[in-house]
Q: 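One structure, as structure tokens, below. Some questions next.
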Amino acid sequence: MHLLTTLEQGLKDIDARGLRRRRRIADTPCAAHMTVDGREIVGFASNDYLGLAAHPQLVAALAEGAQRYGAGSGGSHLLGGHSRAHAQLEDDLAAFAGGFVDAPRALYFSTGYMANLATLTALAGRGTTLFSDALNHASLIDGARLSRAEVQIYPHADTDTLSALLDASTAETKLIVTDSVFSMDGDVAPLARLLELAERHGAWLVVDDAHGFGVLGPQGRGAIAQAALRSPHLISIGTLGKAAGVSGAFVTAHATVVEWLVQRARPYIFTTASTPAVAHAMSASVRIIAGAEGDARRAHLQQLIERTRAMLKTTPWLPVDSHTAVQPLIIGSNEAALAAADALDHAGLWVPAIRPPTVPVGTSRLRISLSAAHSNEDLDRLDAALTRLGTTMVAEAA
Ligand SMILES: *Cc1c(COP(=O)(O)O)cnc(C)c1O
């Protein structure tokens with residue numbers, strides 16, 4: 001009885017602070033126009049930046065993969081579950097995204113969360129200091145904790161402070177860890193400067209390219225390719241459930257690093273390999289991303305991004321200076337952000353309110369997530385709804 005009461009009180013507290021999260025149920029595939037909780041809406045909530053999640057070629061590849069390889073992998077990668085589809089995907093990803101290192105190799109994971117835990121725990125341990133951007137994704141924070149390394153958090157994108165911390169460090173092994181595109185702000189990390197610091201201090205640079213892979217750089221090769229960086233000390237983690245439209249993640253690095261992960265990374269070793277059909281579909285996704293269709297989708301997305309930037313500047317709230325598909329609008333309090341999201345919901349637009357602990361207290365925001373699947377008419381609707389909302393909320397506040 002007492003055990004449940006404690007949790008019930010905790011949940012009441014979550015309600016009182018405007019922090020209760022609710023899952024919505026989608027009845028149709030992830031797309032610009034969806035049926036969610038039985039209503040038709042325009043979705044600005046997904047990370048499906050290229051609009052590939054329901055692409056007919058990927059759906060067909062998934063079915064083909066299931067025909068060829070069955071429904072389940074049957075085991076972990078080291079004990080029987082590693083299929084031809086996984087191996088082929090790793091080769092495809094290494095060739096596509098590994099241009100920043102000689103002898104690149106890629107390692108495929110079921111999720112980005114696990115790839116981050118795996119990479120940090122395998123490379124860092126006691127005697128390591130991990131230098132982590134203050135706005136890094138939760139999975140990097142958890143990986144850092146699980147590694148038992150000392151963690152030094154530097155203020156967001158502040159390479160001067162990071163440089164001073166590195167100067168003062170006597171750690172045997174050093175890792176600099178950063179998101180490429182910050183997931184709740186949409187800004188891009190100063191990767192060139194971070195690599196310079198890493199090289200000067202003999203540190204690894206681990207880049208979580210969850211929101212860059214498929215979208216940034218030539219052919220969508222990612223944030224490191226966009227910055228034209230090369231180094232054997234770079235490690236890139238791309239996720240495959242966002243722009244790539246399927247699921248999973250991959251680490252790309254020098255072959256020696258990847259072999260180390262295969263031998264040592266517990267989140268890689270002690271889990272069942274994902275369904276081979278998913279890997280088979282992902283190889284099809286890489287072909288789309290790298291080809292002319294990928295270019296066309298990125299160009300359309302870029303035009304939507306520029307339009308959205310201009311549109312957000314005319315609202316009474318604070319847009320974040322983002323040139324990526326993540327376009328946040330900072331509202332402030334949890335209650336105000338929720339009210340704004342509710343008002344947009346009534347207008348048939350799904351724009352999630354992001355609250356602490358995902359973002360710092362007092363910076364609750366609408367996270368507008370753009371996709372190549374959106375049309376200019378979809379943006380017109382968002383523009384009109386935000387204009388109406390701005391007028392009413394400012395009138396109410398006066
Ligand atoms: C989504 C995300 C992850 C986790 O990837 P999943 O494949 O969803 O587990 C890791 N890092 C960042 C920055 C992300 O946005």
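Counting starts at 1 for both ligands and their atoms, following the listed order.
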Q: With heavy atoms only and a cut-off of under 4.0 Å, state how His211 meets ligand 1: side chain, backbone, both or neither.
A: side chain
Q: Could you please spell out the steps behind the side-chain contact (heavy atoms from CB on, under 4.5 Å) verdict for Phe96 and Ile289?
A: CA-CA 10 Å; Phe96 180 59; Ile289 290 170; 3.9 Å; yes
Q: Could you tell me which atoms of ligand 1, counted from 1 in the order shown, lie closer than 4.0 angstrom to a heavy atom of Asn116?
A: 10 (C), 11 (N)
Q: Quick one: which ligand 1 atoms are inside 4.0 Å of a heavy atom on Ala210?
A: 2 (C), 11 (N), 12 (C), 13 (C), 14 (C), 15 (O)
Q: Which ligand 1 atoms are under 4.0 Å away from a heavy-atom of Thr111?
A: 7 (O), 9 (O)
Q: Under 4.0 Å between a Lys/Arg side-chain N and an Asp/Glu carboxylate O for Asp378 and Arg381?
A: no
Q: Is it the side chain (CB and beyond), the backbone, both or neither of Leu240 that lies under 4.0 Å from ligand 1, heavy atoms counted?
A: neither
Q: Who clusters with Val359? Use side-chain heavy atoms, under 4.5 angstrom, across I, L, V, M, F, W and Y, and order the result by chain and number.
A: Met184, Ile354
Q: Taking non-hydrogen atoms only, is Thr239 closer than 4.0 angstrom to ligand 1 via side chain, backbone, both or neither?
A: side chain
Q: Could you pull out all residues at least two apart from Arg39 that satisfy side-chain hydrogen bond (donor to acceptor under 3.5 Å, both in side chains)?
A: Asp345
Q: Provide, to 0.1 Å, the distance between atom 7 (O) of ligand 1 and the closest protein heavy atom, together with that atom's residue and name.
A: Gly112 N, 2.7 Å
Q: Please verify the inter-ring angle class for Tyr49 with His211; under 30° counts as parallel, over 60° as perpendicular, anything in between as tilted.
A: tilted
Q: When you look for heavy atoms under 4.0 Å from ligand 1, do you find them on the side chain of Ser139, its backbone, both, or neither?
A: side chain
Q: Tell me, with the steps shown, if Lys12 and Asp15 meet salt bridge (Lys or Arg N to Asp or Glu O under 4.0 Å).
A: CA-CA 5 Å; Lys12 276 198 194 119; Asp15 280 334; over 6 Å; no
Q: Can you report which non-hydrogen protein atom sits closest to atom 11 (N) of ligand 1, along with the distance?
A: Asp208 OD2, 2.5 Å
Q: Please report which non-hydrogen protein atom sits nearest to atom 4 (C) of ligand 1, along with the residue it belongs to and the distance in Å to one decimal place.
A: Tyr113 N, 3.6 Å
Q: Give a yes/no on ligand 1: does Gly241 have at least one heavy atom closer than 4.0 angstrom to it?
A: no
Q: I'd like to know if Arg307 pairs up with Asp380 as an ion pair, taking the criterion as any Lys NZ or Arg NE/NH1/NH2 lying under 4.0 Å from an Asp or Glu carboxylate oxygen.
A: yes
Q: One pair to check against side-chain contact (heavy atoms from CB on, under 4.5 Å): Asp167 and Ser163. What are the steps and the verdict?
A: CA-CA 6 Å; Asp167 280 338; Ser163 174; 4.1 Å; yes
Q: To which protein heavy atom is atom 1 (C) of ligand 1 closest, and what is the distance rounded to 0.1 Å?
A: Lys242 NZ, 1.5 Å
